[in-house]
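Only one structure is covered here, and it is reproduced in the block below.
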Protein chains: 2
Amino acid sequence: MSTLKKQYHHGDLTKSLLESAALIIKEQGVESLSMRKLADVVGVSRTAPYHHFKDKNALLCALAEQGFYEQEKILNNLIAQKQSGEKSFTQYVHLYLGYAQQHSETYDLMYGRAIWKAGEPNDALKAVSKRTFKVWIEWVEVLQDQKVLTDTNTPLRIGQTTWASLHGLARLIIDGIYLEQSDLSEMIDQMVKNLCIDSSTCA
Amino acid sequence: MSTLKKQYHHGDLTKSLLESAALIIKEQGVESLSMRKLADVVGVSRTAPYHHFKDKNALLCALAEQGFYEQEKILNNLIAQKQSGEKSFTQYVHLYLGYAQQHSETYDLMYGRAIWKAGEPNDALKAVSKRTFKVWIEWVEVLQDQKVLTDTNTPLRIGQTTWASLHGLARLIIDGIYLEQSDLSEMIDQMVKNLCIDSSTCA
DNA sequence: CTCTTATCTTGACAGTGTCAAAATTTAAAT
DNA sequence: ATTTAAATTTTGACACTGTCAAGATAAGAG
């Protein structure tokens, strides 16, 4: 309760664990994040983290959750600022792929098999991911009205496929299949053209 | 050398290891494939596999390699049978995603981070993946001539982005983000329309 | 039959996730 | 202020992982 919130035991272990874990995965990749090493970095015994996160999966879920908050913020910011639909969408594509590139490990947790297949997404994660997707779909509907995205199908379907395309590019970047920035930038431009109705105004 | 090829030690351990490993990842996922359990299944001691594969990464590379042979075969078959470009392409999309769905673990090895980022693709794997991609790009050029895919960019770029879109859908299926077959089938149809020039003839 | 080489096994080490029980520190109750 | 209850952390343990080094075994060559 004093100015330094560290009078008791560790202070806020939960927070420290998340921060250190985020740093570790960012710098060394998610496969070299171990509960024991994490505990050691934070300066606590091997099993201390287990009183703040049920297990490793729960920790990973929490990290992924933070990623969704970030992504939701990006989306809402773009939707809020009222510029032309084409510009907004093009910008979103770049922001989305930029995020995937710069926070590749978090992105992988958000959508990768570690949690969604090998592990088990917890309720909080399922909730925020669902909510973020909903924001996206609602924006797709607007973009359809603005003739930026095709309206030959429901917002849900167009949102699903459009996002799948972005996701595919993101994964190729993340998994290290395309690395040269020159290829990447041209691929992103072409992808925008693929996704927009009017490929001349987008890009 | 007799009818039962098992006179000496094991027979063909390399082959047995690959077969059993393929079975294990297919039925239980790649994360529950361990060198020790694999050795046990094949009926050999823990370290015997290490005389046939340098390490676990090498084993995974070999499994991925087989996947590429399969995929190359699919591609070549489709290219060989001369039917309309639209039909061929549509069929390819379905075959591609069908493969991803039915051999999801192998697909993950082929393009996933386990090998390409966390691990290290060996020379054989790099070679066959490159070759498969080349076959794809050459077919894209044909599809562009047939006005199935857009020719507003080079075969390489269009091939990259088109494949990225397919890959994205494949990953969503594999990582368990979309599971209901009803959604899936409609998403695939919509994706085909997105990728083709003439969305009315494709689908 | 001996020797070389290919193949496989045993032993060992460091690392992992996580459970159970004990210890400690803090906050609440009297 | 002293006792009590709760929150927090630690120690010990177990089963599992990948993989190295050294020894054992078996196959084929001479």
Side-chain angles (χ1 to χ4, degrees), chain A residues 1-21 24-25 28-64 109 113-115 117-122, chain B residues 1-21 24-25 28-63 105 109 113-115 117-122:
Chain A
M1 242 213 250
S2 75
T3 54
L4 276 188
K5 270 200 174 176
K6 282 201 177 181
Q7 78 244 32
Y8 130 59
H9 283 132
H10 180 94
D12 196 343
L13 225 199
T14 306
K15 195 177 157 193
S16 292
L17 287 170
L18 279 176
E19 286 175 354
S20 292
I24 289 174
I25 66 169
Q28 307 174 38
V30 72
E31 32 271 312
S32 68
L33 169 68
S34 84
M35 293 299 267
R36 294 171 102 114
K37 262 169 32 188
L38 174 61
D40 205 47
V41 165
V42 170
V44 94
S45 84
R46 303 128 249 168
T47 60
Y50 285 88
H51 296 90
H52 299 261
F53 296 96
K54 182 179 159 293
D55 51 21
K56 190 178 183 180
N57 178 70
L59 209 207
L60 298 182
C61 283
L63 290 172
L109 286 178
R113 65 179 293 143
I115 288 177
K117 188 157 190 186
E120 183 94 45
N122 64 19
Chain B
M1 244 214 248
S2 73
T3 55
L4 277 188
K5 270 198 176 175
K6 283 200 178 181
Q7 81 242 32
Y8 134 55
H9 283 134
H10 181 94
D12 195 344
L13 225 200
T14 307
K15 194 175 157 195
S16 291
L17 287 170
L18 279 176
E19 287 175 353
S20 293
I24 289 174
I25 67 169
Q28 307 173 40
V30 73
E31 32 271 313
S32 70
L33 169 69
S34 85
M35 293 298 267
R36 294 172 102 113
K37 261 167 36 186
L38 174 61
D40 205 47
V41 164
V42 170
V44 94
S45 83
R46 304 127 246 168
T47 60
Y50 285 87
H51 295 90
H52 300 260
F53 296 97
K54 183 180 158 290
D55 51 21
K56 190 178 182 179
N57 179 69
L59 210 207
L60 298 182
C61 284
L63 290 173
E105 303 294 326
L109 286 177
R113 65 179 293 144
I115 288 177
K117 188 157 191 187
E120 183 94 45
N122 65 19

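Order of the sequence lines fixes the chain letters, A, B, ..., with proteins taken first and strands second; residue numbering starts at 1 for each chain. All heavy atoms count here, side chains included; hydrogens, waters and symmetry mates do not.
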Exercise: identify the closest heavy-atom pair between I115(B) and P121(B): O-CD, 3.5 Å
K37(A) side chain to S32(A) backbone, donor-acceptor under 3.5 Å: yes
Single hit among L18(A), I25(A), L59(A) for side-chain contact (heavy atoms from CB on, under 4.5 Å) with L38(A): L59(A)
Any residue meeting side-chain hydrogen bond (donor to acceptor under 3.5 Å, both in side chains) with T14(B), in chain and number order, not counting sequence neighbours: H52(B)
Length of the CD-C1' vector between E31(A) and dT16(C), whole Å: 14 Å
Integer-rounded Å distance: dT18(C) P and K56(A) NZ: 8 Å
Interatomic distance, N57(B) CG vs dT17(D) C1' [rounded to whole Å]: 16 Å
Nearest heavy atoms of P49(B) and V44(B), plus distance in Å: CD-CG1, 4.2 Å
Set of side chain to side chain contact (heavy atoms under 4.5 Å, CB included) partners for K54(B), sequence neighbours left out: A58(B)
Separation of dT17(D) P from Y50(B) OH (nearest whole Å): 11 Å
Residues which pass side chain to side chain contact (heavy atoms under 4.5 Å, CB included) with V41(A), listed by chain and number, not counting sequence neighbours: S20(A), I24(A)
DNA chain C contacts among residues 33-46 of chain B, heavy-atom distance under 4.0 Å: R36(B), V44(B), S45(B), R46(B)
Main-chain N/O of E120(B) paired with N57(B) side-chain donor or acceptor, under 3.5 Å: yes
Separation of dG18(D) P from F53(B) CZ (nearest whole Å): 14 Å
Rounded to 10 degrees, the angle between the two terminal axes of the helix from dC1(C)-dG30(D) to dA22(C)-dT9(D), each from five pairs: 20°
Spacing between H51(B) atom NE2 and dA24(D) atom P, to the nearest angstrom: 15 Å
Any H52(A) side-chain N or O less than 4.0 Å from OP1/OP2 of dA7(D): no
Minimum-distance nucleotide (side-chain atoms of T47(A) versus dG17(C), dA20(C), dT9(C)): dA20(C)
By side chain to side chain contact (heavy atoms under 4.5 Å, CB included) - contacts of E31(B) (at least two apart): R113(A), A118(A), E105(B)
Spacing of L59(A) atom CG relative to dT16(C) atom P, expressed in whole Å: 14 Å
